[in-house]
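For reference, the structure discussed in these notes is given below.
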Number of protein chains: 2
Amino acid sequence: MSSGRIAAVATRDRILDAAEHLFARRGYYGVSLRAIAEEAGVQLGLLPYHFGSKEGLYAAIFERRMGRINAERRVRLEAMRKRAVGRPPALDEILETLVAPLVHASHDPERGGVDFARMVNDVVNFGDRERVLPLMVAHFDGMAREFMEAMAQALPDRSRDDVLWAYHFSVGALAFAIANRDHLERLAGRTLADGDADGHVARLIAWLVAAIRGTAPAGVSRIRDRVAG
Amino acid sequence: MSSGRIAAVATRDRILDAAEHLFARRGYYGVSLRAIAEEAGVQLGLLPYHFGSKEGLYAAIFERRMGRINAERRVRLEAMRKRAVGRPPALDEILETLVAPLVHASHDPERGGVDFARMVNDVVNFGDRERVLPLMVAHFDGMAREFMEAMAQALPDRSRDDVLWAYHFSVGALAFAIANRDHLERLAGRTLADGDADGHVARLIAWLVAAIRGTAPAGVSRIRDRVAG
DNA sequence: GTCTATAGCTTGATAGAC
DNA sequence: GTCTATCAAGCTATAGAC
């Protein structure tokens, strides 16, 4: 490994950092390659050289971050399944597996922090379908299937549509939560002292469990859920 | 009122319709005035003439729609207060007041439908703060104060931060729900038969009430809430 | 009020020197 | 691998005819 290659990786990462930061604030079309190059302290021509195109750069940001997050989820899912043999997995464990890796990343500048969280939120709320669809397929759809299957097992008395709705809204709440932390502070008009990632995970899971359990269609399951949860 | 003025209003509205439709799909920077003019069947020069600038056009879309929605909310809030003298307002009524006018608008093409809903979602998830902040202040902040006050009364055992968090997440869920209805169908891989607005309002309110009630910090209030709710 | 034409700038991508 | 220079196309906003 030559020192040139090391330098190249460092440059690539500096570009990705700069792009992540700017895309998070103004969206894909709101940021020019020139602005990114300037932020990265690099010349414009380097961006198409390393990433092929603007879309390629955008996609590369997701590839850098989501692999680790989804790997962490898969490890947790596997551990969860091993713990729960013969019985269905617990709803709050499933939700923690869904939520925790991304929330932790959104608190860790080394893993993208709020910037990457905002980009995730942008993709999840995908207004610009044609552009964003490949990213959803590559980084979200596979996990979605796994989580919905687990949730269906944890909620045996719910219809397929109920599970779908629960997963859909859980992802929405997750994306909203990690991307709009500072928005909450604006609403409050002051700084909030709720910084730690684990606290956010706990609050988010409590919210989701309550929402999903509390909207049970049948009276019987509702009582059982309260005892179990 | 001359026929020229009537025609002018019609043209203005056609431009607003076209802009709303395109902004909903690709965001502010992803749409050019040229594309809007073409979609509206109008010449480019007319847009700056009628709206001053691209930002002015974007703001005009919100002015056209949000006035009516917030007026409806104020009427409902007032009626709610008259119904509940001496006792705190019910949480589900407050949430219905927050949610129903916007959900109904998101189902009605005459009031912007999904397109305007997507624009609302974009502002609520405001990545591009400098640009969007004036719109939040003009159309959302006033209502936010009123709703948080009502929610604080309906949830007397909760802290100020709890109420803040509940309101913040309710708005997030509302914006997500109205903007991503079709997203749910992609996830399902089929068309869902859940078209009516009232059904969506009911499902959303049930979700929010369950989430807010179910995350009560104290055990005592939790029991009381279940009896009351 | 609407259209045509254009000014002045920015955009993403590429070619070629080093 | 990085930089400089440049292209063709796109952008918003404006001026002036009708």
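Keep in mind that what you see is a predicted model, and the values were worked out from it rather than measured. Lettering of chains follows the sequences in order, A, B, ..., and the numbering in each one begins at 1.
Look at A/T11 and you'll find a side-chain N or O under 4.0 angstrom from OP1 or OP2 of D/dT2. For the OP1/OP2 pair of C/dG1 and a distance below 4.0 Å, the side-chain nitrogens and oxygens of B/Y49 include at least one atom meeting the criterion.
Following rounding to the nearest Å, A/L33 (CG) and C/dG12 (P) show an atom-to-atom distance of 4 Å. In this structure, A/Y29 places its OH atom 11 Å from P of C/dG12, rounding to the nearest Å. Regarding A/F23, its CZ atom lies at a distance of 12 Å from the C1' atom of C/dG12, rounded to whole Å. Atom C1' of nucleotide C/dT14 and atom CZ of A/R34 are separated by 12 Å, given to the nearest angstrom. Whole-Å rounding puts the B/H50 NE2 to C/dC3 P distance at 9 Å. A straight line from CZ of B/F51 to C1' of C/dG1 spans 13 Å, rounded to a whole angstrom. Atom-to-atom, CD of A/E55 to P of C/dT11 comes out at 17 Å; the value is rounded to the nearest Å. Rounded to whole angstrom, the span from the CG atom of A/L46 across to the C1' atom of C/dA15 amounts to 15 Å.
Nearest to the side-chain atoms of A/K54 among the listed nucleotides C/dG1, C/dA13, D/dT4 stands C/dA13. Picking from C/dA13, D/dA13, C/dC3 the nucleotide with the shortest atom distance to the side chain of A/P48 gives C/dA13. Candidate nucleotides D/dC3, C/dC3, D/dA13 were compared by shortest atom distance to the side chain of B/V42, and C/dC3 ranks first. Comparing C/dG1, C/dC3, D/dC11 against the side chain of B/S32 picks out D/dC11 as the nearest.
Relative orientation of the B/H107 and B/H200 rings is tilted, given thresholds of 30° and 60° on the angle between their planes.
Positionally, the nearest nucleotide of DNA chain D for A/Q43 lies more toward the 5' end than for the other of B/V31 and A/Q43.
For the residue pair A/N180 / B/H168, no side-chain donor-acceptor distance below 3.5 Å is found, with atom types taken as modelled. No hydrogens or angles considered: a donor-acceptor pair under 3.5 Å links the side chains of A/R26 and B/Y29. A donor-acceptor contact closer than 3.5 angstrom links the side chains of B/S106 and B/R181.
Residue B/E146 is tested with B/R73, B/R76, B/R81 for a salt bridge (Lys or Arg N to Asp or Glu O under 4.0 Å); the sole match is B/R81.
Among the heavy atoms of the strands lying under 4.0 Å from B/L44 is at least one base atom, whether or not backbone atoms are also near.
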